[in-house]
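A short worksheet on the structure shown next.
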Amino acid sequence: FLDKNGKAVGYSVTLARAIARVMRMEVELKLGPWAEIRQALEDGKIDAVAGMYYSAERDKVVDFSPPFIINHNAIFVRRDTSGIGTEEDLRGKDIIVMRDDIMCDYVRENALCDTPVLADSLPDALRLLASGKHDCALVAQLPGLYWVKELDLPNLVTVGPLLRPSESCFAVIEGNDALRYMLSEGLASLENAGTHRLIRDRWLGTLIPKGISPSTVLKY
């Protein structure tokens, strides 16, 4: 997203800049509606996307780096919503998804509703749901929780099971192995140096559910 100074910031943006530094690459980062960005990559108008969920269908038209995080998707509803507690409860509901997102594919593949409501961005999807429109939104859990907090949408919560684990990767133009290898090597270097963990903790650390602490395990 753009900060108050109009500068692109965020988890994948910070990660992309860190890879550019370690690999001594010059990069120009642009933001835009997801559907437009995805189409621009497939058309060869941009070189890479810093964060695309892998799927076998997508792999037919673009190439992917190893994943840098596995994100589950979640069902977001308003706090006063009833009747949605399982994946089966989604069938026939009025569902918001981000245009051309992995959850958009998921809804259509599983015939959960006839016509999903399409939003241009994840924040737009959550704002629409918070405003009282439609039944639920299916979006990535951690980015969704981030935007619920950032946009101050206290009437939104997650319910039911987590859906379809998705591997977030760098995606490049089909056949651009040189760039894919550079991004993969840069990602491995950051991982080995512990830099990636610092970036992940900075942006997502307060959102990632914590397990039982070692001290608690020892106590019991």
Side-chain angles (χ1 to χ4, degrees), residues 1-73 98-105 120-124 139-147 150 165-208:
F1 62 97
L2 295 176
D3 65 11
K4 61 183 180 181
N5 298 315
K7 182 181 178 181
V9 293
Y11 170 45
S12 57
V13 170
T14 304
L15 185 61
R17 287 195 172 113
I19 289 175
R21 284 194 299 271
V22 76
M23 298 303 294
R24 299 180 181 179
M25 300 164 59
E26 291 186 11
V27 298
E28 179 184 358
L29 297 176
K30 298 180 179 180
L31 301 186
W34 171 245
E36 293 179 14
I37 293 295
R38 178 177 171 180
Q39 190 62 52
L41 179 67
E42 293 179 11
D43 292 343
K45 296 178 180 178
I46 58 176
D47 297 303
V49 170
M52 179 186 282
Y53 291 131
Y54 173 87
S55 75
E57 283 300 310
R58 292 177 174 185
D59 199 21
K60 295 176 181 178
V61 291
V62 299
D63 287 336
F64 290 89
S65 75
F68 52 81
I69 194 170
I70 297 177
N71 211 342
H72 287 78
N73 295 279
M98 194 165 67
R99 191 184 308 273
D100 286 342
D101 180 54
I102 202 79
M103 279 292 95
C104 185
D105 299 339
D120 287 330
S121 70
L122 195 154
D124 286 346
V139 297
Q141 181 196 28
L142 292 182
L145 291 174
Y146 175 87
W147 282 111
E150 187 72 14
S166 301
E167 297 177 330
S168 190
C169 315
F170 287 92
V172 303
I173 295 172
E174 180 79 6
N176 192 345
D177 291 335
L179 179 56
R180 180 164 59 91
Y181 292 148
M182 289 187 73
L183 292 170
S184 301
E185 184 179 343
L187 186 59
S189 296
L190 295 182
E191 200 69 54
N192 292 335
T195 307
H196 183 204
R197 176 180 292 275
L198 295 176
I199 294 172
R200 187 168 58 240
D201 288 349
R202 173 189 170 190
W203 290 104
L204 303 176
T206 60
L207 303 173
I208 296 175

Q. So do Asp105 and Arg58 actually touch side chain to side chain, heavy atoms under 4.5 Å?
A. yes

Q | Smallest separation among heavy atoms of Ile46 and Ile173, with atom names | A | O-CD1, 3.2 Å

Q. Side-chain contact, heavy-atom cut-off 4.5 Å: Glu28 with Lys30?
A. yes

Q: Hey, could you give me the CE/CD1 distance between Met52 and Ile37, rounded to the nearest 0.5 Å?
A: 9.5 Å

Q | Chi angles and distances behind the side-chain contact (heavy atoms from CB on, under 4.5 Å) call for Tyr146, Tyr11 | A | CA-CA 11 Å; Tyr146 175 87; Tyr11 170 45; over 6 Å; no

Q) Any donor-acceptor pair under 3.5 Å linking the side chain of Trp34 with the backbone of Asp100? A) yes

Q) If you measure only the distance, is there a donor-acceptor pair under 3.5 Å linking the side chains of Ser189 and Asn192? A) no

Q: Answer yes or no: is there a donor N or O on one side and an acceptor on the other, between the side chain of Asn5 and the main chain of Lys7, under 3.5 Å?
A: no

**Q.** Phe1 and Trp147, any side-chain heavy atoms less than 4.5 Å apart
**A.** yes

Q.
Quick check: do Leu183 and Ile19 have side-chain heavy atoms less than 4.5 Å from each other?
A. yes

(Q) Could you check whether any side-chain heavy atom of Ile70 comes within less than 4.5 Å of a side-chain heavy atom of Ser168, counting everything from C-beta outward? (A) no

Q: With rounding to the nearest 0.5 Å, note down the distance linking CD in Glu167 to OG in Ser65.
A: 10.0 Å

Q: Indicate the atoms forming the closest heavy-atom contact of Ala171 with Val62, along with that distance.
A: CB-CG2, 4.3 Å

Q: Determine yes or no for a side-chain-to-main-chain donor-acceptor pair under 3.5 angstrom, with Asp101 supplying the side chain and Met103 the backbone.
A: yes

Q: Compute the ring centroids of Phe170 and Phe68, then answer whether they are less than 6.0 Å apart.
A: yes

Q: Might you work through the side-chain contact (heavy atoms from CB on, under 4.5 Å) test for Val9 and Trp203, ending with a clear yes or no?
A: CA-CA 10 Å; Val9 293; Trp203 290 104; 4.2 Å; yes

Q. What is the distance from atom CG of Asp43 to atom CD of Gln39, rounded to the nearest 0.5 Å?
A. 4.5 Å

(Q) What's the separation between atom OG1 in Thr14 and atom CD1 in Ile199, rounded to the nearest 0.5 Å? (A) 6.5 Å

Q.
If you define the side chain from C-beta out and look only at heavy atoms, does anything of Glu42 sit under 4.5 Å from Glu174?
A. no

Q.
So, taking the atom named CG in Asp120 and the one named CE in Met98, what distance separates them when rounded to the nearest 0.5 Å?
A. 9.5 Å

Q | From CE (Met25) to CZ (Arg17), nearest 0.5 Å | A | 13.5 Å

Q | Side chains of Leu15 and Leu187 in contact at under 4.5 Å (non-hydrogen atoms) | A | yes

Q. Do you know which two heavy atoms are closest between Ser166 and Tyr53, and how far apart they sit?
A. CB-CD2, 3.5 Å

Q. Does a side-chain heavy-atom distance below 4.5 Å link Glu57 with Lys60?
A. yes

Q: Would you sort out whether Glu191 and His196 count as a side-chain hydrogen bond (donor to acceptor under 3.5 Å, both in side chains), showing the intermediate values?
A: CA-CA 5 Å; Glu191 200 69 54; His196 183 204; 2.7 Å; yes

Q: Check Tyr54 against Ile102 and note the closest heavy-atom contact, atom names and distance.
A: O-CD1, 4.2 Å

(Q) side-chain contact (heavy atoms from CB on, under 4.5 Å), that's the test. Do Ile69 and Arg200 meet it? Break it down for me. (A) CA-CA 9 Å; Ile69 194 170; Arg200 187 168 58 240; 4.0 Å; yes

Q | Minimum heavy-atom distance Asn176-Asp63, with the two atoms named | A | N-OD2, 4.2 Å

(Q) Give me the atom names and distance for the closest heavy-atom approach of Leu179 to Ala48. (A) CD2-CB, 4.1 Å

